[in-house]
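Only one structure is covered here, and it is reproduced in the block below.
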Amino acid sequence: MQSRFKQAALFSVKLLLSIAVLVYIARGLDLQRLRSHLVSVDPLLFVLALALIFFQTFLLNGRWELIMRALGVSLDWLAGWRILMISLWFNQVLPSSVGGDAVRMWLLRQRGVQWPEAVKGVAADRFTALIGLIALMVAGLPFLLSRVSDQAAILAIGGLTLAGVAGTVVLLTLDRLPKRLIAHRAIASFVRFGALVRFLLLQSERRALLFGSALLIHLVTAAACFALARGVGAQLSVVDAGILIPPVVLLTAVPISISGWGVREGAMVACLGLAGVPSEEALSVSLLLGAISVIIGLVGGAIWLASPERGSYSADKAAMAAQDAPSYDGLGKEVSSHP
């Protein structure tokens with residue numbers, strides 16, 4: 001009962017934040033102009049953006065499959081894509097605090113994958129995506145400096161990028177620190193995870209393909225946003241989309257709102273504004289991108305309705321599974337989570 005209360009409270013806080021940010025943004029905009037952009041979007045460009053985001057699900061599944069193979073798990077491509085699509089349904093549509101990652105772990109376990117591989121595979125997939133995003137932001141910094149004159153924005157995006165680089169380097173090199181500093185159980189789990197990701201990106205046989213896919217996935221998002229921007233009449237260049245969309249994606253990933261709603265819109269208005277895109281057009285791009293995410297989630301929902309695991313699914317079980325999943329050492333052996 002207490003756990004459900006906490007989940008409901010967390011969901012309520014996120015929902016209120018999403019609504020508050022959207023209302024705050026809308027207060028200073030011409031809502032009639034915003035509506036005009038939304039209803040008059042070029043249908044062909046909207047379909048192109050939808051096709052790009054749908055194609056992105058195949059790339060996402062390919063990256064995840066590479067990681068699972070490196071962990072010694074043979075995941076059938078179609079089965080993996082089905083699990084991924086179902087997780088997007090839970091992420092984008094259902095009013096629940098149980099995220100798609102927990103559902104992915106639960107569905108993997110239903111297919112006989114052990115908890116060590118299920119947990120590490122999903123976590124490594126998420127962190128690999130983050131590294132790809134940070135790499136794009138680093139590559140975009142010189143272009144940002146030459147194209148944007150707002151010093152505060154440059155400092156903000158540059159600081160965010162440097163913080164991401166520093167955090168990544170620290171995590172990947174934690175095992176090089178003195179043993180007495182990393183012996184604590186909480187830190188040790190991060191040490192093992194950092195070593196796993198470093199192996200995937202630097203030592204695994206398909207590291208180039210894995211890192212390349214991490215970059216390509218975010219470039220597809222930028223391409224979809226570029227198509228939507230053009231669809232609503234915004235004068236956004238390909239270069240500006242490649243520079244400014246990655247920070248939007250990074251900020252949207254912060255789990256403080258419902259499926260990124262509100263945070264994504266605020267970040268999109270701020271970032272595209274640096275390229276001279278009016279706030280109404282930038283907000284239209286964000287709302288249309290959100291609508292596409294919901295459409296993709298609905299496809300995942302249809303797959304979930306036909307899923308044989310649906311009858312045995314429990315949101316509480318999935319949440320507890322993700323929360324109580326044990327820690328593991330670098331060899332994949334279970335380590336007790338209790339003293």
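Just so it is clear, the model here is predicted, and its values are computed rather than measured.
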Can you tell me how far [atom2] of [Y] sits from [atom1] of [X], rounded to the nearest 0.5 angstrom?
{"X": "Leu196", "Y": "Leu201", "atom1": "CG", "atom2": "CG", "answer": "9.5 Å"}
{"X": "Leu200", "Y": "Leu210", "atom1": "CG", "atom2": "CG", "answer": "6.0 Å"}
{"X": "Thr57", "Y": "Leu52", "atom1": "OG1", "atom2": "CG", "answer": "11.5 Å"}
{"X": "Leu244", "Y": "Met137", "atom1": "CG", "atom2": "CE", "answer": "10.0 Å"}
{"X": "Leu287", "Y": "Ile25", "atom1": "CG", "atom2": "CD1", "answer": "8.5 Å"}
{"X": "Arg63", "Y": "Leu216", "atom1": "CZ", "atom2": "CG", "answer": "10.5 Å"}

**OP:** Look at the rings of Trp304 and Phe90 and say which category their plane angle falls in: under 30° parallel, 30 to 60° tilted, over 60° perpendicular.
**Re:** perpendicular
**OP:** Look at the rings of Trp81 and Phe54 and say which category their plane angle falls in: under 30° parallel, 30 to 60° tilted, over 60° perpendicular.
**Re:** perpendicular
Are the side chains of [X] and [Y] in touch, meaning some heavy atoms are under 4.5 Å apart?
{"X": "Ser284", "Y": "Leu34", "result": "yes"}
{"X": "Gln56", "Y": "Ile296", "result": "no"}
{"X": "Gln110", "Y": "Trp106", "result": "yes"}
{"X": "Arg192", "Y": "Asp175", "result": "no"}
{"X": "Leu171", "Y": "Thr168", "result": "no"}
{"X": "Ile243", "Y": "Val148", "result": "no"}
{"X": "Val170", "Y": "Phe190", "result": "no"}

Examine [X] and [Y] and state if one hydrophobic cluster contains both, with Ile, Leu, Val, Met, Phe, Trp and Tyr joined whenever side-chain heavy atoms are less than 4.5 Å apart.
{"X": "Leu219", "Y": "Phe55", "result": "yes"}
{"X": "Val285", "Y": "Leu44", "result": "no"}
{"X": "Val103", "Y": "Leu305", "result": "no"}
{"X": "Leu250", "Y": "Phe143", "result": "yes"}
{"X": "Phe226", "Y": "Leu283", "result": "no"}

[X] and [Y]: which non-hydrogen atoms are nearest, and at how many Å?
{"X": "Ser279", "Y": "Leu29", "answer": "CB-CD2, 3.2 Å"}
{"X": "Leu75", "Y": "Gly80", "answer": "CD2-CA, 3.9 Å"}
{"X": "Ile67", "Y": "Gly121", "answer": "CG2-O, 3.9 Å"}
{"X": "Leu289", "Y": "Leu228", "answer": "N-CD1, 3.7 Å"}
{"X": "Val263", "Y": "Val21", "answer": "N-CG1, 4.4 Å"}
{"X": "Ser257", "Y": "Ser18", "answer": "CB-OG, 3.1 Å"}

Looking at [Y], is its backbone amide N or carbonyl O close enough to the side chain of [X] to form a donor-acceptor pair, meaning the two atoms are under 3.5 Å apart?
{"X": "Glu265", "Y": "Leu22", "answer": "no"}
{"X": "Ser87", "Y": "Asp101", "answer": "no"}
{"X": "Ser36", "Y": "Gln32", "answer": "no"}
{"X": "His218", "Y": "Ile134", "answer": "no"}

**OP:** Using a strict cut-off of less than 4.0 Å between a Lys/Arg side-chain nitrogen and an Asp/Glu carboxylate oxygen, indicate whether Asp125 and Arg104 qualify as a salt bridge.
**Re:** yes
Original post:
Charged N to carboxylate O under 4.0 angstrom, Arg230 versus Asp42?
Top reply: no
Original post:
Yes or no on side-chain contact (heavy atoms from CB on, under 4.5 Å) for Val277 and Asp240, after CA distance, side-chain angles and deciding distance?
Top reply: CA-CA 10 Å; Val277 177; Asp240 286 334; over 6 Å; no
For [X], does the [atom1] atom sit with more than 12 other heavy atoms under 6.0 Å from it, leaving out its own atoms?
{"X": "Tyr24", "atom1": "OH", "answer": "no"}
{"X": "Glu205", "atom1": "CD", "answer": "no"}
{"X": "Phe46", "atom1": "CZ", "answer": "yes"}

Subject >> side-chain contact (heavy atoms from CB on, under 4.5 Å) partners of Arg207, counting only residues at least two apart >> reply: Ser204
Subject >> Stepwise side-chain contact (heavy atoms from CB on, under 4.5 Å) check, Val197 with Ile131 >> reply: CA-CA 10 Å; Val197 175; Ile131 291 177; 3.8 Å; yes
Original post:
Checking side-chain contact (heavy atoms from CB on, under 4.5 Å) for the pair Leu177/Leu174: CA distance, chi angles, key distance, verdict?
Top reply: CA-CA 6 Å; Leu177 296 176; Leu174 273 176; 3.6 Å; yes
Subject >> Criterion side-chain contact (heavy atoms from CB on, under 4.5 Å) on Leu15 and Trp261, from CA distance to verdict >> reply: CA-CA 9 Å; Leu15 179 61; Trp261 286 96; over 6 Å; no
Subject >> Residues forming a ring pair (Phe, Tyr, Trp, His ring centres under 6.0 Å) with Phe127, sequence neighbours excluded >> reply: Phe193
